[in-house]
Amino acid sequence: MLDIIMWIVIVALFILSFAGIIFPIIPSPLVLWVGFLLYHFVINAGELTVTFWIAIVILTVLLIVSDIIANSYFVKKFGGSKWGERGAAVAVIVGSFIIPPFGILIVPFIVVLVIEMVQKKSSQEALYASIGSLIGFLGGAVAKVVIQVIMIIWFLLVVII
């Protein structure tokens, strides 16, 4: 009975980790790790190998870095300033609380637009940088989904096979 309850909790944690893509306040990597650790310490301590743990650590680093790199890369690529990059990062978090889930797209777009215009960029340059923040967020979100799916599938393959 405990195993069934733990599996329900683990599956719920895996699903919750995807909510972290829409609501950045939810730490997706931590939520995944709690699921892995629950399995390890409550269900079967010997099944998750050293190889699994090393791979999960590497994928976790990629998961965390992918979002930062994608956002920074695209804001820069589209002509945004350092302040635009920083504003976009903060606006994603704030936006998740303002008209969720669309706030994570709208708020950073507006914030970068305003920041770039305050820095005396033309309307076209500011708009271009804002589009970069939008593409960066979407690119980071896609990368996070792919990496999280890989982590969960790897876990399931290890425990099922």
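Only heavy atoms go into these numbers, but all of them, side chains included; no hydrogens, no water, no symmetry mates. Given the structure is predicted, the values throughout are model-derived calculations rather than measurements. Just so you know, residue 1 is the first one in the sequence shown, and it goes up from there.
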So [Y] and [X], do their side chains get closer than 4.5 Å, heavy atoms only?
X: Trp53; Y: His40; value: yes
X: Ile10; Y: Phe36; value: no
X: Phe74; Y: Ile131; value: no
X: Thr60; Y: Met151; value: yes
X: Ile152; Y: Leu156; value: yes
X: Val149; Y: Phe18; value: yes
X: Leu32; Y: Leu13; value: no
X: Trp33; Y: Val57; value: yes

[X] and [Y]: which non-hydrogen atoms are nearest, and at how many Å?
X: Gly79; Y: Ala129; result: C-CB, 4.3 Å
X: Met117; Y: Ser123; result: CE-OG, 3.7 Å
X: Gly139; Y: Ala70; result: C-CB, 4.2 Å

Should we count CD1 of Ile25 as having more than 12 external heavy atoms under 6.0 Å?
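Incorrect, the count does not exceed 12.
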Counting only heavy atoms not in Tyr73, do more than 12 sit closer than 6.0 Å to its OH atom?
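No, not enclosed.
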Nearest 0.5 Å, what's the [atom1]-[atom2] distance between [X] and [Y]?
X: Asn44; Y: Met6; atom1: CG; atom2: CE; answer: 14.5 Å
X: Leu63; Y: Ile56; atom1: CG; atom2: CD1; answer: 10.0 Å
X: Glu116; Y: Glu125; atom1: CD; atom2: CD; answer: 9.0 Å
X: Leu30; Y: Ile26; atom1: CG; atom2: CD1; answer: 11.5 Å
X: Leu134; Y: Leu138; atom1: CG; atom2: CG; answer: 5.0 Å

Check for a donor-acceptor pair, side chain of [X] on one end and backbone N or O of [Y] on the other, with a separation under 3.5 Å.
X: Gln119; Y: Ser81; result: no
X: Gln148; Y: Val145; result: no
X: Ser17; Y: Ser28; result: no
X: Lys121; Y: Leu127; result: no

Any ring pair (Phe, Tyr, Trp, His ring centres under 6.0 Å) pairs touching residues 116-152, not counting sequence neighbours?
Phe78-Tyr128
Over 60° means perpendicular and under 30° means parallel, so classify the ring planes of Trp7 and Phe155, tilted if in between.
tilted
